[in-house]
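Not measured: the values here are computed from a predicted model. Just so it is clear, the values below take in all heavy atoms, side chains as well, and ignore hydrogens, waters and symmetry mates.
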Amino acid sequence: MNLKTTQSLLQLILIGIILVAANVISSFFYTDIDLTEDKRFTLNEATYRLIEELDDDVTVEIYLDGELPSSFRRLQNAVKDILDKFRSRTNRVQYQFINPMDGDQEENMAMVQQLKNDGIVPVNLTMSSKGSREARLVFPSIMIRYKEQKKVVNLLENSGGFNRDFTRMDAINPSINLLEYKIANAIQKLQLRQRPRMVILTGHGELERQFTYNLEVAMYEYYDIARLDLRKVTQIDTNIHVLIIPKPLYPMGDKHLFMIDQYIMNGGKVVWLVDALNMESDSMGSRGIFMPTQRPLDIHEILFNYGVRINPNLVLDWESSSIPVQVGMSGDKPQIELRKWYYHPKAYPYMTPLDAQEEGYNEIRHPIVQNIDFVDTRYPSSIDTIITQNYIRKTPLLRSSKYSKVQFPPVRVSIEIMDAGIGQDAFQKENQNIAVLLEGAFSSYYKNKISPEMLQGLQSMGQPFKEEGKPTKMIVISDGDIVRNDIERSSGNPLPLGMNRFDGYTYGNKDFIMNCLEYLIDNKGIIAARNKEIKLRPLDQERAFKEEGYWQAMNLVVPILILILFGVLYKTLRDRKFKN
């Protein structure tokens, strides 16, 4: 073996050793470069900070393994990718994939029962394989364990409550969009040493517990909740994180308004759910006619001071939910049909046409309403934003569609509107605000209105009056029924929050209000992960079929031609070199 051959062999061995060493070293590290337009492989900075601050191990059990349809394999890979990103920042995160149906029939039944006890419910899918179809149970959930606690996270987003075909890629996409937020939020909740405190205001005709039952059940999973009657206290405890005011019917009086105002000045956060008019479906009676009037509330001026005005009107929308209407008789039985009830708009984070033209997208991009379903509203009013002395950031969250109109009292609300042959062209008022987020340092409504004697009295009680407040947030919603669950008439049991018992659809009411509460208390910014939106870019089927031959040639012939060209060029250069 000559010297040149020995050198070549040594170089080959050295290159092999370097490649093996590089692969071994890289297996202990995870890194990537995100070149995608929608930054689908980049996590929120708040998520990274949360992971880096872990003081104990987090174990994640993912019940997605075994034979899965392609959509669920995509979900499985998305979960793995996020957890790998977690592990790139800390060695505190460990995970494993588990196939719950990997045993014999008896073991599988025991595993299903055990998972159900933990709150993990399977999804029954019908899969096609080699011309046959078979049913298969899939468990799209994860169990997160931290210290002595555990939390189950359902990975599927099933908006509306219908049985969606999750074997389709577009059906699984909303679930992938929210993966980072769901996992990070669950870890954050497990880290909390003290649960946030929230109270529901009572004493002014607010919604009774039977109508807020589902709201309170949903809140209790994450927060400590109680009902607060201001007649029994002298001030609102500043340790309360959020105050919810669900549909007051009567005036509060200056004493109670003052307590709420000072709670806000001390950094308290409020969700206002206010009906400007006394309009209820039950009010129409057997004739189906009612004349709504303005509620005798005294909170409109204080809201005006904070930056919004709830107008005393009704918003009608062509895009609305349905109610049953009697259209005739069949013998001695009434004939019932479901028809649009324009006074029940399907609220959504619509951009106005002007905003959409300026921003380039059609939906409001805010974490409270990102990836949310329609919200079912009942007789909402429009909300205007007002210029205030202090800068207050005002963000609309929910609007009616661009096919809207408003009615001011006196007006007759009647089911006859369904038979009037009204078309879409009658709704020309465009989008109306139904929910608005306010953020900033508010000025007190009682600034320059308090007498010296009252100031002295407050000082002696240890409750100094604040004219200017700390930076805080509040949300104003012009429909108290957004958080109201219906009651099933036959059993008297509460229906799910957001469920329209007439058309059987469950709207996004619960997701919306829970997102509102989460945003108000989220100081770390984890909820910003809800803004992630991974877009599917399906092929243009018509163009694909039309240009099939062209793209086949491009993918098969062109690479071969490039190789031939490279070979000819290499041979020519080699011949020229050795001739010289």
Side-chain angles (χ1 to χ4, degrees), residues 199-208 212 227-236 240 242-266 268-280 283 291-315 379-390 392 394 408-410 433-436 438 442-451 453-455 457-458 463 465-467 469 472 474-484:
V199 297
I200 299 175
L201 200 65
T202 64
H204 316 95
E206 290 87 354
L207 291 174
E208 298 176 1
T212 60
R227 290 191 160 239
L228 175 64
D229 190 338
L230 294 183
R231 294 172 295 186
K232 299 179 180 179
V233 296
T234 59
Q235 65 176 341
I236 301 175
I240 293 172
V242 180
L243 173 66
I244 304 171
I245 306 177
K247 196 177 178 179
L249 303 182
Y250 314 120
M252 293 187 177
D254 274 333
K255 181 180 178 181
H256 293 176
L257 288 178
F258 180 80
M259 283 192 274
I260 296 172
D261 176 86
Q262 289 300 290
Y263 168 73
I264 294 170
M265 294 305 106
N266 282 286
K269 302 169 180 68
V270 182
V271 179
W272 304 82
L273 296 122
V274 180
D275 279 12
L277 301 182
N278 65 335
M279 182 66 229
E280 309 285 347
S283 304
M291 298 280 289
T293 57
Q294 190 169 353
R295 288 197 189 278
L297 300 177
D298 54 2
I299 60 179
H300 295 290
E301 289 186 6
I302 196 171
L303 290 177
F304 189 93
N305 176 75
Y306 297 147
V308 293
R309 174 176 58 219
I310 301 179
N311 297 306
N313 60 20
L314 294 175
V315 175
Y379 309 103
S381 301
S382 63
I383 300 178
D384 294 335
T385 56
I386 308 299
I387 297 176
T388 54
Q389 182 178 358
N390 294 358
I392 302 297
K394 307 171 184 72
F408 285 84
N433 295 333
I434 293 176
V436 177
L438 306 177
F442 300 90
S443 290
S444 172
Y445 171 67
Y446 291 92
K447 183 178 181 179
N448 301 323
K449 297 180 181 179
I450 303 295
S451 65
E453 292 77 15
M454 186 173 180
L455 287 173
L458 290 170
Q463 303 174 17
F465 172 67
K466 285 195 172 184
E467 293 186 346
T472 187
M474 67 173 72
I475 296 173
V476 181
I477 305 170
S478 64
D479 176 27
D481 291 320
I482 278 181
V483 298
R484 181 185 187 274

If we ignore hydrogens and angles and just use 3.5 Å, is the side chain of [X] paired with the main-chain N or O of [Y] as donor and acceptor?
| X | Y | value |
| --- | --- | --- |
| N433 | A435 | no |
| K394 | I392 | yes |
| D298 | G253 | yes |
| Y263 | I240 | yes |
| N278 | T293 | yes |
| S381 | N313 | yes |
| D229 | G203 | no |

**OP:** Quickly, which of L230, I302, L201 forms a side chain to side chain contact (heavy atoms under 4.5 Å, CB included) with M252? Name it, please.
**Re:**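 Result for side chain to side chain contact (heavy atoms under 4.5 Å, CB included) with M252: L201.
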
Subject >> Full working for side-chain contact (heavy atoms from CB on, under 4.5 Å) between I244 and L273 >> reply: CA-CA 8 Å; I244 304 171; L273 296 122; 3.9 Å; yes

**OP:** Start with the C-alpha distance between E301 and L303, add both sets of side-chain angles, then the distance that settles side-chain contact (heavy atoms from CB on, under 4.5 Å), and finish with yes or no.
**Re:** CA-CA 5 Å; E301 289 186 6; L303 290 177; over 6 Å; no

Would you say [X] has more than 12 foreign heavy atoms packed within less than 6.0 Å of its [atom1]?
| X | atom1 | value |
| --- | --- | --- |
| F408 | CZ | yes |
| K255 | NZ | no |
| F304 | CZ | no |

To the nearest 0.5 Å, tell me how far [X] [atom1] sits from [Y] [atom2].
| X | Y | atom1 | atom2 | answer |
| --- | --- | --- | --- | --- |
| K466 | S444 | NZ | OG | 11.5 Å |
| K247 | L297 | NZ | CG | 11.0 Å |
| K269 | L438 | NZ | CG | 13.5 Å |
| S382 | L314 | OG | CG | 9.5 Å |
| L207 | I200 | CG | CD1 | 9.0 Å |
| I260 | M265 | CD1 | CE | 11.5 Å |

Is the closest side-chain heavy-atom distance between [X] and [Y] below 4.5 Å?
| X | Y | result |
| --- | --- | --- |
| N305 | T388 | no |
| L228 | T202 | no |
| L257 | I299 | yes |
| V270 | I264 | yes |
| L277 | P312 | yes |

**OP:** I would like to know whether V271 and I245 meet side-chain contact (heavy atoms from CB on, under 4.5 Å); could you show each step before the answer?
**Re:** CA-CA 6 Å; V271 179; I245 306 177; over 6 Å; no

Original post:
Going by atom types alone, do N311 and D384 pair a side-chain donor with an acceptor below 3.5 Å?
Top reply: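 The criterion, which ignores hydrogens and geometry beyond distance, is satisfied for D384 and N311.
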
Subject >> Any side-chain donor near an acceptor of the partner, E280 and Y379, under 3.5 Å >> reply: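 Checked: E280/Y379 side chains show no N/O donor-acceptor pair below 3.5 Å.
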
Minimum heavy-atom distance between [X] and [Y], given as atom pair plus value:
| X | Y | result |
| --- | --- | --- |
| H204 | P251 | CD2-O, 4.0 Å |
| P380 | D479 | CB-CB, 4.0 Å |
| R295 | P248 | CD-O, 4.2 Å |
| L249 | G205 | CG-O, 3.2 Å |

**OP:** Using side chain to side chain donor-acceptor pair (under 3.5 Å) as the criterion, list what pairs up with R227, not counting sequence neighbours.
**Re:**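 Once residues adjacent in sequence are excluded, the partners of R227 under the side chain to side chain donor-acceptor pair (under 3.5 Å) criterion are T212, E216.
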
Original post:
Taking only residues two or more places apart in sequence or in another chain, which ones pass side chain to side chain donor-acceptor pair (under 3.5 Å) with Q262?
Top reply: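 Counting only residues at least two positions away or on another chain, Q262 forms no side chain to side chain donor-acceptor pair (under 3.5 Å).
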
Original post:
Relative to the ring of F442, is the ring of Y306 parallel (under 30°), tilted (30 to 60°) or perpendicular (over 60°)?
Top reply: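 Plane angle over 60°, so perpendicular.
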
Original post:
Think K447 forms a cation-pi with Y445, using NZ or CZ under 6.0 Å from the six-ring centre and within 45 degrees of its axis?
Top reply: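 Checked: cation-pi criterion not met.
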
Original post:
Between W272 and I310, does a side-chain contact (heavy atoms from CB on, under 4.5 Å) hold up when you go through it step by step?
Top reply: CA-CA 11 Å; W272 304 82; I310 301 179; over 6 Å; no

